[in-house]
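Below is one structure; the comments refer to it alone.
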Amino acid sequence: MTKTMADHISVMLNESVDMLVTDKDGFYVDGTFGRGGHTRLVLERLDQGRLLGFDKDPVAISYGHALEQEDSRFSIVQDSFANMSEQIVRVFGVEKVDGIMMDLGVSSPQIDDAERGFSFMNDGPLDMRMNPNAGVSAAEWIASVSEKEMADVMYQFGEERFSRRIAKAICEYRAHTPILTTLQLSKIVAEANPAWEKGKNPATRAFQGIRIHINNELGDLEVGLEAAANALKVGGRLAVISFHSLEDRMVKRFMKLKAKGPELPRHLPIRNAHLDIKFKTIGKAIKPSQSEVSDNVRSRSAVLRVLERVSD
Ligand SMILES: C[S@@+](CC[C@H](N)C(=O)[O-])C[C@H]1O[C@@H](n2cnc3c(N)ncnc32)[C@H](O)[C@@H]1O
């Protein structure tokens, strides 16, 4: 277990960095800097190599700036990893890199700081933005979105099967009182949710759906995965850690498509060579060890997948 600054415990730290670093003098990207747990271990493994970190969150960026002062091989930008192609060229002056890390979702300090509005346990302003200086907060979105879109978001991104009932209750409530805090929202959801899953807060799925929507997490992931694959050198690797089934499904499908090509009807006389396959997956999906899960319960749903470019 490795605690980084401000108590984010990095998930599958050694497993992911062991798979990622293949050239001590290469160029690397950490698409989700957070508190820099993965970044620091990559830097330890590098000699002349360089690392570019990304985060949307201004607090994460301030930790990144502190690390820039300590280690001149490291740079940080406040941007989405979806924009990595342009940033890699701007910062490194090259188009291709040796390794890209993505440790998706939100960090523990983001969830634990009630002021950020991600938590259904501690009361705070209903914000949920990774970058509170851009875009629309959860409170603003909830105040203005249609009941149908609200339900769709909770269903699609939170896999909440009672999304319609919950959206109806939220809209009835907002008709007389503005919903401005996390506990206000989690109470409305809990009261409207007829099936409380064992061991889960009844607002878990609704909050997940809204958070993913507010931060365009799956849209960024789709663009970011493609940008990452394009930015890899031959022999370069992309390591992705996902935390819920929607993310992992996207990552798994993406890597499978890159490594095996599109599913074609069996009777078509096409061989792999004709599909122009440029990638392979490295090993199978990796899950955290039992001891990691008992040390850090937030790691329990994590899945690590790795893709390698094999030709240009
Ligand atoms: C799970 S944490 C990463 C923790 C980090 N690996 C560590 O060990 O400290 C995810 C971080 O990625 C950031 N993030 C999520 N999606 C992002 C995106 N599309 N672009 C840039 N940063 C993103 C979040 O703000 C958060 O700080």
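Ligands are counted one by one from 1 in listed order, and the atoms in each one are counted from 1 as well.
Residues forming a ring pair (Phe, Tyr, Trp, His ring centres under 6.0 Å) with F81 (at least two apart in sequence, or on another chain): none. Scanning for salt bridge (charged side-chain N to carboxylate O under 4.0 Å, His left out) contacts around D113 gives an empty result, with sequence neighbours left out.
Around CD of E222, the count of heavy atoms belonging to other residues, nucleotides or ligands within 6.0 Å does not exceed 12.
Near L104, meaning under 4.0 Å from any of its heavy atoms, are these atoms of ligand 1: 1 (C). Near D79, the atoms of ligand 1 lying under 4.0 angstrom from a non-hydrogen atom of the residue are 20 (N), 21 (C). Taking every non-hydrogen atom of F33 and a distance limit under 4.0 Å, the qualifying atoms of ligand 1 come out as 5 (C), 7 (C), 9 (O). For ligand 1, the atoms closer than 4.0 angstrom to any heavy atom of G36 are 7 (C), 9 (O).
Across G105, S107, S80, heavy-atom proximity to atom 10 (C) of ligand 1 is greatest for G105. When the options V106, D55, L221 are ranked by their closest heavy atom to atom 24 (C) of ligand 1, first place goes to D55.
Checked against a 3.5 angstrom limit, the closest N/O atoms of R35 and ligand 1 fall inside it. The shortest N or O to N or O distance between G37 and ligand 1 is below 3.5 Å. For ligand 1, one of its N or O atoms has an N or O atom of F81 under 3.5 Å away.
Taking the charged nitrogens against the carboxylate oxygens, D152 and R164 do have a contact shorter than 4.0 Å, which makes a salt bridge.
Not close to ligand 1: S108, with no non-hydrogen atom less than 4.0 angstrom away.
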Mind running side chain to side chain contact (heavy atoms under 4.5 Å, CB included) on E149 and H213 for me, showing each step along the way? CA-CA 11 Å; E149 192 185 335; H213 172 74; 4.0 Å; yes
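Screening V17, D98, T39 for a side chain to side chain contact (heavy atoms under 4.5 Å, CB included) involving Y28 leaves a single residue, D98.
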